[in-house]
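Read through the structure below, which is laid out as structure tokens, and then see the notes.
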Amino acid sequence: MAPHDPSPSPQPDPSVGAGLVDFAVDLTSQEVLRRAQVMEAIGPDWDPVEVLLGEEAAYDLLYSGLDADQQRLYDELVASGVLPGRGDGLAAS
């Protein structure tokens with residue numbers, strides 16, 4: 001991090017820009033603290049594989065039982081890249 005100079009220079013350097021000041025903050029320690037707090041909040045029983053499988057099951061349920069018009073719209077959204085493709089278009093791969 002650059003040293004802080006509380007007294008501005010009397011004339012800004014025109015080659016640098018009109019009164020721009022170099023400002024940098026290292027957030028590494030804050031990010032480490034945030035990640036530690038997230039992991040503490042999740043708890044020791046969190047199973048990421050189980051969570052992902054649960055999400056896949058939820059998507060399967062969400063896109064199951066579509067009527068013909070809903071299926072057509074779903075297929076259009078997948079083809080246009082709005083929704084990700086899933087196996088045969090109806091279930092998780």
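These numbers come from a predicted model, not from an experiment.
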Which residues share a side-chain contact (heavy atoms from CB on, under 4.5 Å) with L83, sequence neighbours left out: Y63, Y74, L77, V78
Set of residues satisfying side-chain contact (heavy atoms from CB on, under 4.5 Å) with respect to E31, sequence neighbours excluded: R34, R35
ILVMFWY network linking L66 to L62, side-chain heavy atoms under 4.5 angstrom: yes
Hydrophobic cluster identity match, V38 and V51, side-chain contacts under 4.5 Å: yes
Cluster overlap V82 with Y59, hydrophobic side-chain contacts below 4.5 Å: yes
Joint cluster assignment, L27 & F23, ILVMFWY side-chain distance < 4.5 Å: yes
Single-linkage hydrophobic cluster, 4.5 Å side-chain cutoff, V32 and M39 together: no
CD on E50 to CD on E55, rounded to 0.5 Å: 11.5 Å
For D69, all residues meeting side-chain contact (heavy atoms from CB on, under 4.5 Å), sequence neighbours excluded: D67, R72
